[in-house]
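Only one structure is covered here, and it is reproduced in the block below.
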Amino acid sequence: DAVNYDGPGSAMVRRFAVDNACAWVREYHIDGLRLDATFAIVDDSPAHILSEITKAARAAAGERSIVLIAETHENDARYLETAEAGGFGFDAVWADDFHHGVHAVATGERHAYYADYGGSTDDLARTINRGWLFEGRASPAFPSGRGGSSNGLTAASFVYCLQNHDQVGNRPFGDRFAALVSAEAYRMWSAVLMLLPYTPMLFMGQEFGSKTPFQYFTDHNHELGKLVTEGHRREFLGFPEYADDSWRERIPDPQAPETFAASRPDVREQSTAEAAAIRCLYGDLLALRRSDVVLRPQDRGAMHAEAAGDGLVVVHLWHEAEHRLLIVNTTTAPVSASPADAGISSELRELNWRVGLSTDDPGYGGEGRDAWFSGESLALPAQAAAWFVAERITG
């Protein structure tokens, strides 16, 4: 069963949903809306409820510009097409393939829905190039295939993240990304997220590396609350370490007040030197997105990612005569390689390069180890990302 958007008596149900969206925009001046679980909305009406909501919300905004985002794993371009073209009229969709692919590479987890992601840098490079990984191909979770082509879609319409309330809150103990990977890896993946042309989304506290758990918590009546607690713990049957009943019992009770209390951000975290360094990194990455002539256009057509050997990813971005390289070493050992072997073209190897940003910079909490790229050599510290800028050659 689903909410009645298309059957007898559905007119007022539809009106309630549409008016609700408009009220947030018109009365509360909200800048945008994220519609939850749009894949689960069933509507066979001539005008889909989603397209009605997006059109009405924009009308309610008047001359203001608002952002409308759909949460879906479907990799379906229809969400981003206009209602007139048969689409739903959203500005962007969540692109979970990036999150899941990074998570598989960074943590090695392969259970539950991560079974669809092999944890290879080849898959990660393809995801970066295409916006999402699955464009119709089959997977363990979707044997008949999932997704469609991303051709023609703008980079801004893909929402990328390293963590969000679902991916953190739905873990047994609410572990944040910073608690799952090393400090070096956290800085590296942060740079990957922020230096791609896609739209980055930060989860509260991510900008200073918060490790406070964000657990699943509820406040239902006793009867419903008991069912929610039991259901929440059953969700982890697919996790090998929680297959045993006694282990699942250790998962925090969503109904317990202490579960909520443990999930409140600890303001003391923000006063540490480590937090200040991470905040500095995010500040510089955001500034780079605004100031760099290559990043500002958010042009995924002027970008190419390549998996270069074991654990190395090279992303070439350009705008007119300007060139940048984002080079990432996902391994736990320093890398030294030939640029040609890393798939970097001879044209790029002939340019003069300098390091614009390295995640191993001491100002970000790193050790200041060398990151280097020239026509003859390429070197990166373990679990580090570097942003290389091609210097203009003047005669």
Side-chain angles (χ1 to χ4, degrees), residues 98-99 102-109 121 124 160-164 167-168 171 173-196 200-214 264-292 295 311-315 324-336 353-373 378-389:
F98 176 78
H99 171 274
V102 166
H103 192 91
V105 174
T107 68
E109 291 185 8
T121 49
L124 183 60
Y160 272 23
C161 72
L162 297 178
Q163 54 187 339
N164 60 46
Q167 303 304 335
V168 178
R171 295 184 65 80
F173 294 95
D175 314 295
R176 291 174 181 259
F177 191 59
L180 299 174
V181 300
S182 67
E184 293 81 7
Y186 188 78
R187 295 193 299 269
M188 174 192 71
W189 289 117
S190 295
V192 173
L193 170 70
M194 301 299 290
L195 296 179
L196 295 175
M201 178 172 67
L202 308 185
F203 183 55
M204 55 181 187
Q206 178 176 333
E207 74 282 2
F208 61 86
S210 174
K211 294 185 177 72
T212 299
F214 184 77
R264 296 172 64 184
D266 187 344
V267 295
R268 292 172 297 181
E269 281 188 302
Q270 301 184 49
S271 62
T272 66
E274 181 182 6
I278 294 295
R279 191 188 294 276
C280 180
L281 172 63
Y282 270 92
D284 286 352
L285 291 169
L286 285 165
L288 199 55
R289 288 183 68 92
R290 290 193 299 271
S291 64
D292 193 284
L295 282 173
L312 195 66
V313 178
V314 177
V315 187
R324 306 289 185 265
L325 285 172
L326 172 62
I327 305 181
V328 186
N329 176 18
T330 67
T331 72
T332 55
V335 66
S336 180
W353 294 87
R354 66 174 175 83
V355 179
L357 183 146
S358 169
T359 58
D360 201 53
D361 188 295
Y364 305 141
E367 297 179 17
R369 297 165 293 181
D370 278 345
W372 175 259
F373 169 62
L378 162 64
L380 271 185
Q383 295 189 306
W387 179 255
F388 293 95
V389 178

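In this text, all values refer to a predicted model and were calculated from it rather than measured experimentally.
- Residues R171 and L180 are in side-chain contact: their nearest non-hydrogen atoms beyond the backbone lie under 4.5 Å apart.
- For the atom pair CE (M204) and OG1 (T212), the distance works out to 9.5 Å, reported to the nearest 0.5 Å.
- Here R369 does not pair with E184 in a salt bridge; the nearest charged N to carboxylate O distance is not below 4.0 Å.
- Here the CG atom belonging to L357 is positioned 12.5 Å from the CZ atom belonging to R324, to the nearest 0.5 angstrom.
- Partners of D361 by salt bridge (Lys or Arg N to Asp or Glu O under 4.0 Å), not counting sequence neighbours: none found.
- For Y186, there are no ring-ring contact (aromatic ring centres under 6.0 Å, His included) partners at least two apart in sequence or on another chain.
- Between A191 and L285, the closest heavy-atom pair is CA-CD1, 3.9 Å.
- Contact between A385 and L326 at its shortest, heavy atoms only, is CB-CD1, 4.3 Å.
- Residues Y160 and M201 are not in side-chain contact: their nearest non-hydrogen atoms beyond the backbone lie 4.5 Å or more apart.
- N164 contributes no side-chain N or O that, together with a main-chain N or O of V168, makes up a donor-acceptor pair within less than 3.5 Å.
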Verdict with reasoning, R176 to Q206, per side-chain hydrogen bond (donor to acceptor under 3.5 Å, both in side chains): CA-CA 9 Å; R176 291 174 181 259; Q206 178 176 333; over 6 Å; no
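- Looking at D360 and S358, their side chains never bring a donor and an acceptor atom within 3.5 Å of each other.
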Stepwise side chain to side chain contact (heavy atoms under 4.5 Å, CB included) check, C280 with Y364: CA-CA 6 Å; C280 180; Y364 305 141; 3.9 Å; yes
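- Annotation: E274, atom CD; neighbour count of heavy atoms from other residues, nucleotides and ligands within 6.0 Å does not exceed 12.
- Annotation: F373 is in aromatic contact with W353 [ring centroid separation under 6.0 Å].
- Here the closest non-hydrogen pair linking A371 and L380 is CB-CD2, 3.7 Å.
- One side chain, S190 or Y282, offers a donor N or O that lies under 3.5 Å from an acceptor on the other.
- Atom CD in Q270 sits 8.0 Å away from atom OG in S210 (nearest 0.5 Å).
- With sequence neighbours excluded, the residues that form a ring-ring contact (aromatic ring centres under 6.0 Å, His included) with H99 are H103.
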Q383 and S182: CA distance, side-chain angles, deciding distance, side-chain hydrogen bond (donor to acceptor under 3.5 Å, both in side chains) verdict: CA-CA 9 Å; Q383 295 189 306; S182 67; 2.9 Å; yes
Check against side chain to side chain contact (heavy atoms under 4.5 Å, CB included), M194 and L202: CA-CA 10 Å; M194 301 299 290; L202 308 185; 4.0 Å; yes
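- You'll find the side chain of L193 reaches within 4.5 Å of the side chain of F98, heavy atoms only.
- Remark: the backbone N or O of V389 is not paired with any side-chain donor or acceptor of R354 at under 3.5 angstrom.
- With values rounded to the nearest 0.5 angstrom, L195 atom CG is found 8.0 Å from R289 atom CZ.
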Working for side chain to side chain contact (heavy atoms under 4.5 Å, CB included), residues V355 and F388: CA-CA 5 Å; V355 179; F388 293 95; 3.5 Å; yes
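- Counting all heavy atoms, side chain and backbone alike, P362 lies closest to G368 at CD-CA, 3.6 Å.
- Legend: residues meeting salt bridge (Lys or Arg N to Asp or Glu O under 4.0 Å) with D266, ordered by chain and number and at least two apart, are R268.
- With sequence neighbours left out, the salt bridge (Lys or Arg N to Asp or Glu O under 4.0 Å) criterion links E269 to no other residue.
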L295 vs W387, side chain to side chain contact (heavy atoms under 4.5 Å, CB included): CA-CA, chis, key distance, verdict: CA-CA 11 Å; L295 282 173; W387 179 255; 3.8 Å; yes
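- By the side-chain contact (heavy atoms from CB on, under 4.5 Å) test, A106 is found to be paired with F177, V181, W189, residues two or more places apart in sequence or in another chain being considered.
- With a 4.5 Å cut-off on side-chain heavy atoms, T330 and L312 do not count as touching.
- I278 has its side chain within reach of R187: a pair of non-hydrogen atoms, C-beta onward, lies under 4.5 Å apart.
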